[in-house]
Amino acid sequence: MTKQARKQTALAVLLACAAMGAHAQDRTWLDKSKSADERARAAVAAMTLDEKLLLIVSYTDKKDVAKQPDDIIPPAIKADIAAHHIEGSAGYVPGIPRLGIPAQWQTDASIGVRVTGMERTALPSSLATAASFDPAVSEAGGRMIADEARASGFNTFLAGGANLAREPRNGRNFEYVGEDPLLAGRMAAGLVNGIQSRHMVSTMKHFAVNDQESQRTTVDVTIAPEAMRQSDLLAFEILDELAKPGSVMCSYNLVNGRWACENEYLLNKTLKQDWKFKGYVMADWGAVHSTADAANFGLDQFTGYPCCNHHGPFYSAKNFKEAMNKGEVSMPRLDDMAQRILWPLFQTGTFDDPPKPGKIDFAAHAAVTQRAAEESLVLLKNENNVLPLANVKSLAVIGGHADKGVLAGGGSSGVTPVGGNAVPDLAPKSWPGPVVYMPSSPLAALKAELPKAKIAYASGADIDAAVALAKRSDVAVVFVTQWLGEGFDGKLELDGNQDALVAAVARANPKTVVVVESGGAILMPWLAQVPAVLEAFYPGMRGGEAIARILTGKANPSGHLPISFPASNAQLAHAEIPGFGKPDGIPVHITYDEGAAIGYKWYDAKGYKPLFAFGHGLSYTRFAVAEPKANVANGALTVGAALRNTGKLAGKGVVQVYVAPADVKASGWEAPKRLVAFHKLDLQPGGSRAFTQAVDPRLLATYEVADDSWHVRAGTYRVLFGQAADDLPVSVDVTLPDMTWSAVHKE
């Protein structure tokens, strides 16, 4: 090789190295040492217009996609969807192989992987898990269902429901986490933290004020901004701060005259400006109504096209380019949308650790869901210590398909359980069905726990036969059920002859125990006739075993109600649900003039006595709250107390702390008291443990819309300690100074 040739070769090598270095530098999004913000910005900067537009639409079933015109969904995208979309799943966003950007595989929902026909482990309903009053329980469940989702090929979970139970008859209350913003925010945050710790993106949903299912796609909700920020939005704000979900799913309804998915106050002002939310807003399936307004007012991703009675292909490349060419949507806004969609992929580790389909340890996961159920079942009543069942020679088990399994809710959270539907022939079989019973028989579980007892079953369809069985048994356990699901609201009354069945059995056997499997609160006209009631909600994949262990005392109940149970329909804030029982699609309106007074706050404000109060829950042992403390330093309130186990059995108790202003009117509060702290403690007999907890100042404040601030009014406030909203025997008075601070979060 000549000297000149050697120089040329060396130069070529240098140029190649320089090019490689530049290329590596340009691909910053592949550099794990960079922040999620840097990586997302770099990836978007490298994208073509068409690649950015790929990110803003998620597609559903390939058969529906194939029917769309090629100018709306090009053949190449159709082919990608056909090859990679997981059959029966919620959605799919194509990846960008040129840049190494992964596809997004989206799956429902909060209690497990929901894909039609794909058998997976189901947690107890979110409302049930909220009854544990322990965010660690929901976090463990989140890790488990995320592991199953990753092993099923998914990297995005449509979980994190945090709508408050404003309307007790709401058909989706079982998917949510109660009526109080602190409890809901913390419990939902536990789930999201568990999911995202496994390198998955989770949503929080349905944003916002999505508190009824009747006419859910057309109901217009009127609510004052102050009330909204102190109730429904506060739950989401707490969830966002504690868990940083990668996405927000906006809801179907209108809020103050604007669709939630193009509501500038909700999405731009509150979420992105005030809370500094860095992730993306996806639409609920079929909830998009425009191109420019949706994009400009905060919607980042049109999810679920062309499913669910969509209103048009508003985010298709064709339509979006037209809007950009007309100047209706800017390139910086599209860049922002793409960056927001990519950010959580980097932030959660989803980009660097893609899902790996593989085997699932269903036995280990069943143990997780059983532990969650045992922490969550609520013992509502237990006169004369009828429970736990001891020295029972004969037991009648009646009703509720207890010989087969336990009930689950319907709709997009409905998991196909391992082992299949235990009662497969119930109506409705169409959406939001099928009605699913988890194959976890309470009857079989009771026989296993009480091997020496004579246990017989009656379906309850024939009340006379059930009564005859109850008469010849030491104890009768009657199971009652209330099926709820997405897309419809229910009633507080039990369906069919269930109330009559309980009353008849209770007359025949004074030791009648009622087990309730419900999506929420129910009325109990027979309550005075029965000595014991156990609320199981929808207890999940091993609910039968959990119920049996609670009834027999193998596990000590420790759940507390995350919702109030009304004594009658007359106590509800709204006598009727607008559009209830009518065909979908009728425009209706509701004004939430109760404002932030939801649940126990409503009962307190009105002076009503509920059937069972928020926070209520009994144990087989006894607890006492002692050593109450409340200190104010620089305006910040810290509370603490000790919980003592004064009974003879080990158990878990929950200390609940509320604050009540001496002058409610002067404080500006919506109700006489608010929950400000809770703590669950595991104690041996005679044991005692103390805790201290800082109080979130927003729980003491009112939101001031005029200057976007929070305001605590100076005065005397009583800190109340106990074990339920109506059981607060000890208190400490404190004086709070006048304080005002901005509602805008710091970066």
Side-chain angles (χ1 to χ4, degrees), residues 29 43-108 115-118 152-156 158 201 247 261 280 282-292 294-295 299-326 328-329 331 333-335 337-342 345 350-351 354-355 357:
W29 63 92
V44 172
M47 287 181 182
T48 65
L49 173 60
D50 286 334
E51 288 170 339
K52 295 171 189 175
L53 293 173
L54 269 181
L55 293 175
I56 68 171
V57 184
S58 133
Y59 299 95
T60 52
D61 187 77
K62 62 185 178 183
K63 297 187 182 85
D64 293 332
V65 166
K67 297 174 185 177
Q68 303 306 307
D70 287 351
D71 64 336
I72 297 300
I73 305 180
I77 295 179
K78 291 180 180 179
D80 188 333
I81 296 165
H84 299 110
H85 178 259
I86 298 172
E87 187 78 22
S89 66
Y92 171 76
V93 181
I96 306 171
R98 182 181 75 87
L99 302 176
I101 305 297
Q104 297 165 53
W105 288 273
Q106 301 166 330
T107 181
D108 294 313
V115 178
T116 303
M118 183 184 287
S152 306
F154 296 101
N155 58 12
T156 304
L158 311 180
V201 177
S247 178
C261 285
Y280 65 104
M282 68 163 67
D284 206 339
W285 273 225
V288 185
H289 294 266
S290 65
T291 302
L299 180 69
D300 300 304
Q301 189 180 75
F302 182 149
T303 27
Y305 184 78
C307 149
C308 312
N309 300 313
H310 66 86
H311 305 282
F314 300 111
Y315 274 27
S316 67
K318 176 185 177 182
N319 286 9
F320 213 89
K321 285 178 180 178
E322 287 179 359
M324 294 181 72
N325 290 336
K326 292 177 182 177
E328 295 172 346
V329 182
M331 181 61 78
R333 172 60 186 129
L334 177 60
D335 287 348
M337 295 162 72
Q339 183 174 324
R340 287 178 173 277
I341 292 166
L342 292 176
L345 296 176
T350 302
F351 182 96

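Hydrogens, waters and symmetry mates play no part in the numbers below; they use all other heavy atoms, side chains included.
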Inset, instruction - Report yes if the side chains of Y305 and I73 come closer than 4.5 Å at any heavy-atom pair, otherwise no. - result: yes
Legend entry - Any pair counted as ring-ring contact (aromatic ring centres under 6.0 Å, His included), so long as it reaches residues 53-107, sequence neighbours left out: Y92-W105
Inset, instruction - For A295, check side chain to side chain contact (heavy atoms under 4.5 Å, CB included) against everything at least two apart and list the hits. - result: Y315, F320, V329, M337
Inset, instruction - Measure the CG-CE distance between L342 and M47 for me, rounded to the nearest 0.5 Å. - result: 4.5 Å
Inset, instruction - Taking all heavy atoms of C261 and all of A287, pick out the closest pair and write down the distance. - result: CB-O, 3.6 Å
Inset, instruction - List for me each residue that meets side-chain hydrogen bond (donor to acceptor under 3.5 Å, both in side chains) alongside N309, sequence neighbours excluded, and say none if there are none. - result: none
Inset, instruction - Taking salt bridge (Lys or Arg N to Asp or Glu O under 4.0 Å) as the test, write out the residues that go with K326, two or more places apart. - result: none
Legend entry - Residue pair A283 / L299: nearest heavy atoms and the distance that separates them: N-CD1, 3.5 Å
Legend entry - With sequence neighbours excluded, residues passing side-chain hydrogen bond (donor to acceptor under 3.5 Å, both in side chains) with T291: none
Inset, instruction - Pick out which of T48, I341, I77 makes a side-chain contact (heavy atoms from CB on, under 4.5 Å) with L54. - result: I77
Legend entry - Qualifying residues under side chain to side chain contact (heavy atoms under 4.5 Å, CB included), relative to P69, sequence neighbours excluded: D71, I72
Inset, instruction - Sequence neighbours left out, what passes side chain to side chain contact (heavy atoms under 4.5 Å, CB included) with A82? Give chain and number order. - result: K62
Inset, instruction - Would you give the length of the straight line joining atom OG1 of T107 to atom CG of N155, rounded to the nearest 0.5 angstrom? - result: 10.5 Å
Legend entry - Minimum heavy-atom distance L55-Q104, with the two atoms named: CD2-NE2, 4.1 Å
Legend entry - Any T350 side-chain heavy atom under 4.5 Å of T156 side chain: no
Legend entry - Any Q301 side-chain heavy atom under 4.5 Å of Q106 side chain: yes
Legend entry - Nearest-0.5 Å distance that lies between atom OG in S58 and atom CZ in F302: 9.0 Å
Inset, instruction - Using the test side-chain hydrogen bond (donor to acceptor under 3.5 Å, both in side chains), find all partners of N325 that sit at least two apart in sequence or belong to another chain. - result: none
Legend entry - Smallest separation among heavy atoms of P357 and G153, with atom names: CG-CA, 4.0 Å
Inset, instruction - Mind checking salt bridge (Lys or Arg N to Asp or Glu O under 4.0 Å) for D300 and listing every partner two or more places apart, or none if nothing turns up? - result: K272, R333
Legend entry - Heavy-atom pair of closest approach, residues D80 and P94: OD2-CB, 3.6 Å
Inset, instruction - Provide the closest heavy-atom pair for S316 versus V57 in the form atom of the first, atom of the second, distance. - result: N-CG2, 4.4 Å
Inset, instruction - Would you mind reporting whether P313 and Q68 have side-chain heavy atoms less than 4.5 Å apart? - result: no
Legend entry - Spatial distance of atom CE (M331) from atom NZ (K52) [nearest 0.5 Å]: 4.5 Å
Inset, instruction - Can you measure from CG (D108) to CG (L158) and round to the nearest 0.5 angstrom? - result: 5.0 Å
Inset, instruction - Using salt bridge (Lys or Arg N to Asp or Glu O under 4.0 Å) as the criterion, list what pairs up with K67, not counting sequence neighbours. - result: none
Legend entry - Separation between OG1 of T303 and OH of Y280, rounded to the nearest 0.5 Å: 8.0 Å
Inset, instruction - Only counting residues at least two apart or in another chain, list the ones meeting side chain to side chain contact (heavy atoms under 4.5 Å, CB included) with C307. - result: T60, W285
Inset, instruction - With sequence neighbours left out, write down each residue that passes salt bridge (Lys or Arg N to Asp or Glu O under 4.0 Å) with D50, or none if nothing qualifies. - result: K321
